There are 2 protein chains.
Amino acid sequence: MSAPAPRRTRIQKRNRALILDAALEVFSRQGFRGATLDQIAEAAGLSKPNMLYYFPSKEAIHAELLEGLLDTWLDPLRGLDPAGEPLPELCGYVRRKLQMARDFPRESRLFANEILQGAPRIDGLLRTDLKALVDEKAALIARWAGEGRLAPLDPHHLIFSIWATTQHYADFAAQVELVLGEEGRDPFPAAAAFLDALYARALAPDRAQG
Amino acid sequence: MSAPAPRRTRIQKRNRALILDAALEVFSRQGFRGATLDQIAEAAGLSKPNMLYYFPSKEAIHAELLEGLLDTWLDPLRGLDPAGEPLPELCGYVRRKLQMARDFPRESRLFANEILQGAPRIDGLLRTDLKALVDEKAALIARWAGEGRLAPLDPHHLIFSIWATTQHYADFAAQVELVLGEEGRDPFPAAAAFLDALYARALAPDRAQG
DNA sequence: AGAGAACTTGACTGATTGGTCAAGTCTGGT
DNA sequence: ACCAGACTTGACCAATCAGTCAAGTTCTCT
């Protein structure tokens with residue numbers, strides 16, 4: 001199926017990692033077209049021809065970043081446990097997703113850039129992997145709501161809202177910092193407290209009638 | 001203060017509008033660096049030198065788009081009425097903001113692109129106009145919450161969450177369509193119903209005690 | 001109709017882009 | 001020490017980039 005296991009020397013491992021890290025930084029800010037190999041090479045501390053010794057093209061670097069991304073990106077959602085209590089499960093999901101926005105803001109921006117452009121290079125993955133997982137978890141949420149253990153909210157749009165509110169702190173970090181005005185301080189603790197309260201309130205099931 | 005009123009012929013009005021519309025389309029997808037004057041010229045149906053007869057540079061086109069943007073972008077928030085009932089006021093704000101995402105998705109993406117890059121060309125405006133308005137409305141929301149007419153949620157993060165959830169439907173439209181799977185259908189009616197329910201539940205004040 | 005301004009464009013420029021190549025240097029195994 | 005393969009790089013290339021310019025065409029006003 002996949003390519004034969006590539007033999008990698010120590011130097012290959014180190015330099016490929018340097019390149020991917022630098023490329024993540026540049027692509028996540030400038031988008032694919034806006035990024036240049038020179039920027040990436042400089043950020044990686046390598047010469048441009050040397051970088052192209054490890055990757056055949058700009059496309060290849062970008063593709064390798066995107067491939068690795070979606071899997072880890074969806075981990076928090078995979079962790080939504082059908083056996084757990086609905087409300088804590090969903091609040092836990094929100095917390096994990098926010099944690100990812102804090103820990104991997106560059107990955108979040110890379111993804112955002114890709115979607116903003118209409119998802120030209122990731123369309124296939126979204127259509128299959130992403131949609132399957134979301135549909136599965138949406139069904140779970142719908143079941144919980146049907147059992148009266150959760151507020152009756154559209155599951156797909158609920159997932160969208162969780163993505164939006166959590167990734168906002170990575171993708172729009174510049175705006176968040178400017179508006180809060182405390183440019184040194186970490187907005188994530190307050191964000192976590194707010195989102196926990198928001199979803200705890202919104203998702204609490206209606207009072208049982210009669 | 002501002003430049004002397006520019007005398008504009010019919011042709012100037014038409015062609016400037018053509019250029020700005022084409023540029024909005026291209027910049028909002030590709031970002032500033034990723035967009036090219038040739039793309040914009042082709043989308044506008046003009047030759048590149050002709051386009052540069054109306055605008056001195058690529059930067060100038062982009063700047064003109066950004067300048068016009070923030071004002072209309074903040075209109076829904078300005079409409080938050082201190083004299084109104086807190087809950088309907090905020091739900092109305094959510095509705096107006098979602099309507100803007102539906103009617104002006106390119107503007108939303110242009111803004112998102114700019115913030116993703118760290119807001120290099122709009123930093124000043126955000127620091128002054130945006131922050132002032134947000135602080136004013138956050139104070140209003142805090143007052144409402146203090147009076148027990150609204151749930152006690154952090155006002156700044158509440159505003160962030162409204163921005164995030166509504167703009168999501170413009171900026172991440174490609175993903176929303178793919179996940180919902182009904183690629184022809186309009187996701188906005190369901191989104192409006194969901195967001196109205198979400199915020200109505202989350203923002204309802206706690207039951208008065210004793 | 002005619003003059004002057006407004007508009008349009010093909011051909012161009014220097015800079016930057018992604019990518020190549022031959023000729024080097026370094027590294028690890030013997 | 002030696003060699004083969006791994007790594008590195010300066011110089012280079014064709015394509016594309018933002019922007020210029022001179023020479024044209026079209027419009028507007030009288």
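Being a predicted model, the structure only gives us computed values, none of them experimental. Letters go in sequence order (proteins before strands), and every chain restarts at 1.
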Does B:Ala41 reach a base, just sugar-phosphate, or nothing at all? Heavy atoms under 4.0 Å.
nothing

Considering only C:dT8, D:dT8, D:dA18, which nucleotide approaches the side chain of B:Tyr54 most closely?
C:dT8

So, does A:Asn50 get its side chain near the phosphate of D:dC7, meaning an N or O under 4.0 Å from OP1 or OP2?
no

Nearest whole angstrom, please: distance from the C1' of C:dC7 to the NZ of B:Lys13.
16 Å

Whole angstrom is fine here: how far is it from CZ in A:Arg14 over to C1' in D:dT8?
12 Å

Is it the case that more than 12 heavy atoms not belonging to B:Phe104 sit under 6.0 Å from its CZ atom?
no

Report the distance from atom CD1 of A:Ile11 to atom C1' of D:dT8, rounded to the nearest whole Å.
10 Å

Between C:dG19, D:dA18, D:dG19, which one does the side chain of B:Asp38 approach most closely?
D:dA18

With nearest nucleotides of DNA chain C determined for A:Gln39 and A:Pro56 from heavy-atom distances, which residue corresponds to the more 5′ nucleotide?
A:Gln39

Parallel, tilted or perpendicular for B:His62 and B:Phe27, by the 30°/60° rule?
perpendicular

Of the candidates D:dC7, C:dG18, C:dA6, the side chain of A:Lys58 sits closest to C:dG18

A:Leu18 CG to D:dT8 P: how many Å, rounded?
10 Å

Could you please name the option among D:dT8, C:dG18, D:dC17 that lies closest to any side-chain atom of A:Tyr53?
D:dT8

Atom-to-atom span, CG of B:Leu46 to P of C:dG10 - whole angstrom
13 Å

My understanding is that only one of A:Asp129, A:Asp135, A:Thr128 makes a side chain to side chain donor-acceptor pair (under 3.5 Å) with A:Lys131; could you say which?
A:Asp135

Looking only at the side chain of B:Arg33 (C-beta and beyond, no hydrogens), which of the listed nucleotides D:dT20, C:dT17, D:dA11 gets closest?
C:dT17

Flag yes if more than 12 heavy atoms outside A:Gln39 fall under 6.0 Å of its CD atom; otherwise flag no.
yes

How close or far is atom P of D:dC13 from atom NZ of A:Lys48, stated in whole angstroms?
14 Å

Would you call A:Arg96 and A:Asp75 a salt bridge, taking side-chain N to carboxylate O under 4.0 Å as the test?
no

Please report, rounded to the nearest Å, how far the C1' atom of D:dA18 is from the CZ atom of B:Phe27.
11 Å

5'-most contact on DNA chain D (nearest-nucleotide basis), A:Pro49 vs B:Leu37, goes to A:Pro49

Determine the minimum heavy-atom distance between B:Asp81 and B:Trp144, stating which atoms define it.
O-CZ2, 3.4 Å

On the nucleotide C:dA6, are OP1 or OP2 found under 4.0 Å from the side-chain N or O atoms that B:Asn15 carries?
no

Without decimals, in angstroms, what is the distance between B:Arg10 CZ and C:dA6 P?
14 Å

Just checking A:Ala60: base, sugar-phosphate only, or nothing, at a heavy-atom cut-off of under 4.0 Å?
nothing

Would you tell me if any nitrogen or oxygen in the side chain of A:Gln12 comes within less than 4.0 Å of OP1 or OP2 on D:dC7?
yes

Look at the side chain of B:Thr9 and decide which nucleotide, out of C:dG18, C:dA6, D:dG19, has an atom nearest to it.
C:dA6

